[in-house]
Amino acid sequence: MKTHYAATATSTLLILLLNAVDFLSTVGLANYSSINGDHKKYTQFLLANGVARTPPMGWNSWNHFQCNVDEGMVKSTADALVSTGLAALGYRYVNIDDCWGELERDKKGNLRAKASTFPSGIKALADYVHAKGLKLGIYSDAGFRTCSKKMPGSLDYEEQDARTFAEWGVDYLKYDNCYHDGSKPHIRYAKMSSALLKVGRPILYSICEWGQEDPAKWAGRYGNAWRTTGDINDTWGSITSIADQNNIWGRYAGPGRWNDPDMLEVGNGAMTLEEYRSHFSIWALMKAPLLIGCDVRAAGTSTLRILGNKEVIKVNQDPLGVQGRKIRSNAGLEIWAGPLAGKRAVVVLWNRSKSEASISVRWKEIGLSPNTPVIVRDLWAHKFVSMGKQYGITARVAPHACKMYILSPPKTK
Ligand SMILES: *[C@@H]1O[C@H](CO)[C@@H](O)[C@H](O)[C@H]1NC(C)=O
Ligand SMILES: *[C@@H]1O[C@H](CO)[C@@H](O)[C@H](O)[C@H]1NC(C)=O
Ligand SMILES: CC(=O)N[C@H]1CO[C@H](CO)[C@@H](O)[C@@H]1O
């Protein structure tokens, strides 16, 4: 089963690489008519709201603050995104998660910001965030209560709530899956999707049904991203297990519709820097939404250096929009790779075991001809490590660490 899956993943990737990296002579697996056929099959699910052509980037309150959210904290986080330079790198969505509202709706059935923590209201907060060139995200639930139970969900109020969000100037909706009526998620998530399409404001729609009913197969029709797993937490076990679960759905991702392995834990303190670097590298390669989950106002230099790695961000935001995959795994040593625009490819060598190891990848394994010159750039060392003909690359990789490279064709004159 495992072997079979690895083989399938490899040949899928080979086909993608053959399509994208044709600077190299190919090994003869390409079948362009079937590539194009697949492409059409998945793009017909595209939600036509024009947003998330590349994976969304920003911040969300949940991983660090849970229910301890208030307007002062959200504003100072927006300030910090700008002052740290993260906003300029693309982290533009400032997303409030659960617990922003009053326990009950008002007499007209409208959702209300919680007066004790958001006294100025969400509209004022959106104005503040917009004035900084950022966007505001909010949270609701495809059920009767949100997961905290501290506020109403939007089930049966989809159109009213979508109008409220648009009036407030909201740009992003994360839509959770607690306390519903037992009906199928694709029914409940579709209702909010069509409500959002009616409000005359492009609102990025993030479907959070925890991967329960294989959302990759249907959610791209309704939303711009869909969670593929349960909640992430700040542990190595969580990161590795979520990476593997999200990997399965790679072929369903593309511009406007992304698999979501959940928000980042980088900077929350319970993992090592190497583990955070691996987490960030693999999330970027998988074209995951990059939503910072720490307290940006208190982020240290090493956290900012990971979240602010421009070269890794560019892999995530690559215009080709193809999700990279795991192509080989052996005793905790893994190779992940995927095609990028400009006839390039990204490769990650990841040591998931407990000690340092040598990991090698041969060009042949990722669909490149063994003898062709390839320029190899190390995205964490920020330097070129090889520029000639070689059969592949080998690196020493510390436990739980990774190496991340971009392979490019030599510059043509
Ligand atoms: C390519 O795929 C098409 C459609 O699946 C198939 O009919 C055709 O035989 C394939 N061609 C090759 C060369 O494999
Ligand atoms: C974190 O996630 C892992 C993997 O999903 C899970 O086994 C573990 O129970 C979670 N830990 C906490 C503290 O929630
Ligand atoms: C070997 C090693 O020392 N490092 C770990 C990283 O991955 C290798 C691959 O086998 C494992 O053996 C190690 O446990």
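Atoms within a ligand are numbered from 1 in the order they appear, just like the ligands themselves. Owing to the predicted nature of the structure, the values given are computational and were not obtained by experimental measurement.
By heavy-atom distance, the residue among Asn233, Asp231, Asp234, Ile242 lying nearest atom 11 (N) of ligand 2 is Asn233.
Ion pair Asp70/Lys75 not flagged as a salt bridge, since none of the NZ, NE, NH1 or NH2 atoms sits closer than 4.0 Å to an Asp/Glu carboxylate oxygen.
Of all protein heavy atoms, the one closest to atom 5 (O) of ligand 2 is Ser241 OG, 4.2 Å. Counting protein heavy atoms only, atom 4 (C) of ligand 2 is closest to Ser238 CA, 3.9 Å.
Under the 6.0 Å distance and 45° angle rule, Arg145 does not count as a cation-pi partner of Tyr179. A cation-pi arrangement is present between Arg277 and Trp380 under the rule of less than 6.0 angstrom and at most 45 degrees off the ring axis.
Shown here are the salt bridge (charged side-chain N to carboxylate O under 4.0 Å, His left out) partners of Asp318, two or more places apart in sequence or in another chain: Arg344. Here Lys191 pairs with Asp156 under the salt bridge (charged side-chain N to carboxylate O under 4.0 Å, His left out) rule; sequence neighbours left out.
Not a single protein heavy atom sits closer than 4.0 Å to atom 7 (O) of ligand 2. For atom 14 (O) of ligand 2, the nearest protein heavy atom is under 4.0 Å away.
Of the polar atoms of Thr235, none of the N or O atoms is found under 3.5 Å from an N or O of ligand 2, judged by distance alone.
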